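Not measured: the values here are computed from a predicted model. Quick note on labels: first sequence line is chain A, next is B, and so on, each numbered from 1.
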2 protein chains.
Amino acid sequence: MATILVVDDEPRIVQLVRDYLEHGGFTVLTAVDGPTALRTARTGRPDLVVLDLGLPGLDGLDVARSLRREGEMPIIMLTARTEESDKLVGLELGADDYLTKPFSPKELVARVRAVLRRAEGAAAPSDVIRVGTDVEFDVPRMEARIGGRRVDLTKSEFQIVALMARQPGRVFTRAQLLDAVRGVAFESYERAIDAHIKNIRKKVGQQYIETVFGVGYRFAEPNQV
Amino acid sequence: MATILVVDDEPRIVQLVRDYLEHGGFTVLTAVDGPTALRTARTGRPDLVVLDLGLPGLDGLDVARSLRREGEMPIIMLTARTEESDKLVGLELGADDYLTKPFSPKELVARVRAVLRRAEGAAAPSDVIRVGTDVEFDVPRMEARIGGRRVDLTKSEFQIVALMARQPGRVFTRAQLLDAVRGVAFESYERAIDAHIKNIRKKVGQQYIETVFGVGYRFAEPNQV
DNA sequence: CAACCCCTTCACAACTCCCTCACAACTCCC
DNA sequence: GGGAGTTGTGAGGGAGTTGTGAAGGGGTTG
């Protein structure tokens with residue numbers, strides 16, 4: 001399920017929104033100020049950001065601008081104010097949706113779903129997973145680029161390797177990888193993952209996927225010197 | 001810029017949609033009931049109508065029927081209901097697109113643009129899609145040029161191949177391609193895309209359209225050396 | 001109103017890819 | 001070093017996907 005970052009300086013509101021989103025099956029990250037929000041967005045890679053415009057210090061609009069610059073993360077804006085100018089600024093920054101306080105948490109959840117549904121098909125150009133300097137996985141093209149060389153992968157292969165490449169170094173169990181492929185993890189298929197891994201290694205290169213004995217696999221972290 | 005008529009019995013929604021559309025550069029007319037909607041459509045001659053199905057009194061479907069009878073006005077339907085039967089009725093009446101509430105206003109604007117683009121074959125007069133050095137798709141002429149050779153395509157064929165050629169390499173699902181042709185993707189028509197692809201390949205050349213097994217199709221990227 | 005074009009469907013052939021199997025190679029722990 | 005358990009790997013069956021020619025039907029044109 002998707003991860004949502006909720007940013008608001010009122011802890012009460014953050015908690016309320018968190019409750020509703022989690023109840024709706026989302027994973028929720030939170031932040032109560034701008035700098036924390038940006039940091040969390042970078043590390044947590046949420047699928048969508050719910051952002052209060054009225055943040056103290058680093059303003060909500062600044063946060064939105066920074067997020068926009070860094071990638072195509074959908075943003076739903078909240079504001080206490082109803083002035084026309086705010087709406088316009090929000091729109092110019094490319095907010096994907098807009099709610100004025102007081103809002104119904106239920107409606108917020110509905111809008112989150114709607115925006116995510118749309119974002120899924122939109123596949124922004126930034127849907128490229130980069131690992132180190134010469135490995136890329138281009139989601140809308142469903143292809144890998146290894147040092148400039150284009151590599152065709154099958155649907156399952158791509159889903160597996162892309163999942164791992166999003167978090168290099170993290171270990172994934174076969175069940176988790178299966179989940180990415182089939183939606184449901186079925187114990188009996190787990191050895192099939194081994195076969196996929198073999199094929200992926202053959203295509204992208206042995207060195208990129210490491211075996212963690214007794215646990216699963218992980219994408220190798222790029223050599224940082 | 002185009003004029004859009006927005007019909008909904010909830011003033012709050014009308015206002016929201018108006019804001020977004022006007023910000024997008026459209027001229028907006030509004031109506032909160034069926035009879036007014038029909039009158040406004042006759043006098044204001046909008047380029048497109050956004051119509052709530054759940055109107056009280058004269059029903060949204062009646063309004064749609066009347067509009068259809070009077071001319072080729074594109075219609076985007078809104079509905080609170082999600083039942084399949086509603087969709088069918090909407091489609092039979094020739095809705096050009098369909099959104100269920102709650103919807104994101106930004107998405108609505110995007111769909112309005114998409115429908116208008118479809119409605120007028122004359123998107124932008126100078127719209128020529130070039131891929132590599134010897135492939136061109138001339139939108140206003142609705143014809144392809146392959147290495148100087150002129151190729152006639154049918155409307156559907158052109159819309160499909162032009163959509164793909166705008167982003168060479170990107171994979172499109174059958175549903176997305178159907179969307180380009182019909183405005184609404186209907187599962188049962190998906191194999192029809194295969195037939196179109198076959199015909200396109202026969203006309204422009206096999207090598208330009210690649211099959212992505214289990215996903216869809218893509219336009220081949222030009223050879224970059 | 002006949003001729004035509006285009007879209008869709010159908011049926012079957014051809015193909016791709018996923019999974020399984022079997023066995024070899026390896027790892028870990030004692 | 002040995003044994004139990006885990007992983008690597010090549011081959012092959014089969015389910016599912018795609019290619020394709022033919023045919024039906026709706027709409028348009030002359």
Side-chain angles (χ1 to χ4, degrees), chain A residues 142-144 151-161 163-164 171-218 220, chain B residues 68 72 88 91-94 118 121 142-144 151-164 171-218 220:
Chain A
M142 219 185 86
E143 75 182 12
V151 177
D152 269 332
L153 298 169
T154 70
K155 190 175 161 188
S156 300
E157 288 163 7
F158 189 86
Q159 285 172 326
I160 289 171
V161 76
L163 177 64
M164 293 196 298
V171 183
F172 293 85
T173 65
R174 288 180 176 70
Q176 288 170 327
L177 297 173
L178 252 183
D179 204 58
V181 176
R182 312 203 104 224
V184 197
F186 230 155
E187 180 135 9
S188 76
Y189 298 143
E190 292 200 356
R191 286 305 312 274
I193 293 295
D194 298 36
H196 283 304
I197 294 288
K198 175 192 58 172
N199 296 329
I200 294 169
R201 281 174 169 160
K202 199 174 286 178
K203 288 181 180 179
V204 308
Q206 292 284 341
Q207 70 273 33
Y208 293 112
I209 296 177
E210 298 169 352
T211 303
V212 181
F213 193 91
V215 185
Y217 298 95
R218 72 172 157 220
Chain B
R68 271 290 163 229
E72 274 310 303
L88 289 177
L91 290 178
E92 272 162 22
L93 283 171
R118 269 202 302 276
M142 217 184 84
E143 76 181 14
V151 177
D152 270 332
L153 298 169
T154 70
K155 190 172 155 196
S156 298
E157 288 164 7
F158 190 86
Q159 284 172 324
I160 289 171
V161 76
L163 176 64
M164 293 196 297
V171 182
F172 293 85
T173 65
R174 288 180 176 71
Q176 288 171 326
L177 296 173
L178 252 182
D179 204 60
V181 177
R182 311 201 101 227
V184 189
F186 231 158
E187 182 137 5
S188 75
Y189 299 145
E190 292 200 354
R191 284 306 311 274
I193 293 296
D194 297 36
H196 285 304
I197 294 287
K198 176 190 58 171
N199 296 328
I200 294 169
R201 281 174 168 161
K202 200 173 285 179
K203 288 180 180 178
V204 308
Q206 292 284 342
Q207 71 273 32
Y208 293 112
I209 296 177
E210 297 171 351
T211 302
V212 181
F213 193 93
V215 185
Y217 298 95
R218 71 173 157 215

[atom1] of [X] to [atom2] of [Y]: how many Å apart, nearest 0.5 Å?
X: A:Gln159; Y: A:Asp179; atom1: CD; atom2: CG; answer: 10.5 Å
X: B:Ile197; Y: B:Gln206; atom1: CD1; atom2: CD; answer: 11.0 Å
X: A:Lys203; Y: A:Asp152; atom1: NZ; atom2: CG; answer: 7.0 Å

Original post:
Below 4.0 angstrom from OP1 or OP2 of C:dC17, is there any side-chain N or O of A:Thr154?
Top reply: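 No.
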Taking all heavy atoms of [X] and all of [Y], pick out the closest pair and write down the distance.
X: A:Leu177; Y: A:Phe172; result: CD2-CB, 3.7 Å
X: B:Val171; Y: B:Gln176; result: O-OE1, 3.9 Å
X: A:Arg201; Y: A:Thr211; result: NH2-OG1, 2.7 Å

Original post:
Are any of the side-chain nitrogens in A:Arg174 or A:Asp194 under 4.0 Å away from the carboxylate oxygens of its partner?
Top reply: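 Counted as a salt bridge, because a side-chain N and a carboxylate O are separated by less than 4.0 Å.
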Does [X] reach the side chain of [Y], with side-chain heavy atoms less than 4.5 Å apart?
X: B:Val204; Y: B:Glu157; result: no
X: A:Tyr217; Y: A:Ile193; result: yes
X: A:Met164; Y: A:Ile200; result: no

**OP:** Heavy atoms of chain B, cut-off under 4.0 Å: which first and last nucleotide of DNA chain D, 5' to 3', fall inside that, if you could look?
**Re:**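 With heavy atoms of chain B under 4.0 Å away, the range is D:dG16 to D:dG21.
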Collect all protein-nucleotide pairs involving nucleotides 28-30 of chain C in which both atoms are nitrogen or oxygen and the distance is under 3.5 Å.
none

If I take atom [atom1] in residue [X] and atom [atom2] in nucleotide [N], what distance separates them, rounded to the nearest angstrom?
X: B:Lys155; N: C:dC4; atom1: NZ; atom2: C1'; value: 18 Å
X: B:Arg174; N: C:dT8; atom1: CZ; atom2: P; value: 14 Å
X: A:Ile193; N: C:dC18; atom1: CD1; atom2: P; value: 10 Å
X: A:Asp194; N: C:dA22; atom1: CG; atom2: P; value: 16 Å

**OP:** Can you run through DNA chain C from 5' to 3' and write each base as (, ), [, ], | or . depending on how it pairs? Watson-Crick or G-U wobble, both distances under 3.5 Å.
**Re:** ||||||||||||||||||||||||||||||
Subject >> Interface with DNA chain C, restricted to residues 195-205 of chain B and to heavy atoms under 4.0 Å >> reply: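 Within residues 195-205 of chain B, the residues near DNA chain C are B:Ala195, B:His196.
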Subject >> Partners passing salt bridge (Lys or Arg N to Asp or Glu O under 4.0 Å) against A:Arg218 (at least two apart in sequence or in another chain) >> reply: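 Salt bridge (Lys or Arg N to Asp or Glu O under 4.0 Å) list for A:Arg218, sorted by chain: A:Glu210.
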Report, one pair per line, the protein and nucleotides 23-25 of chain C atoms (nitrogen or oxygen only) whose separation is under 3.5 Å.
none

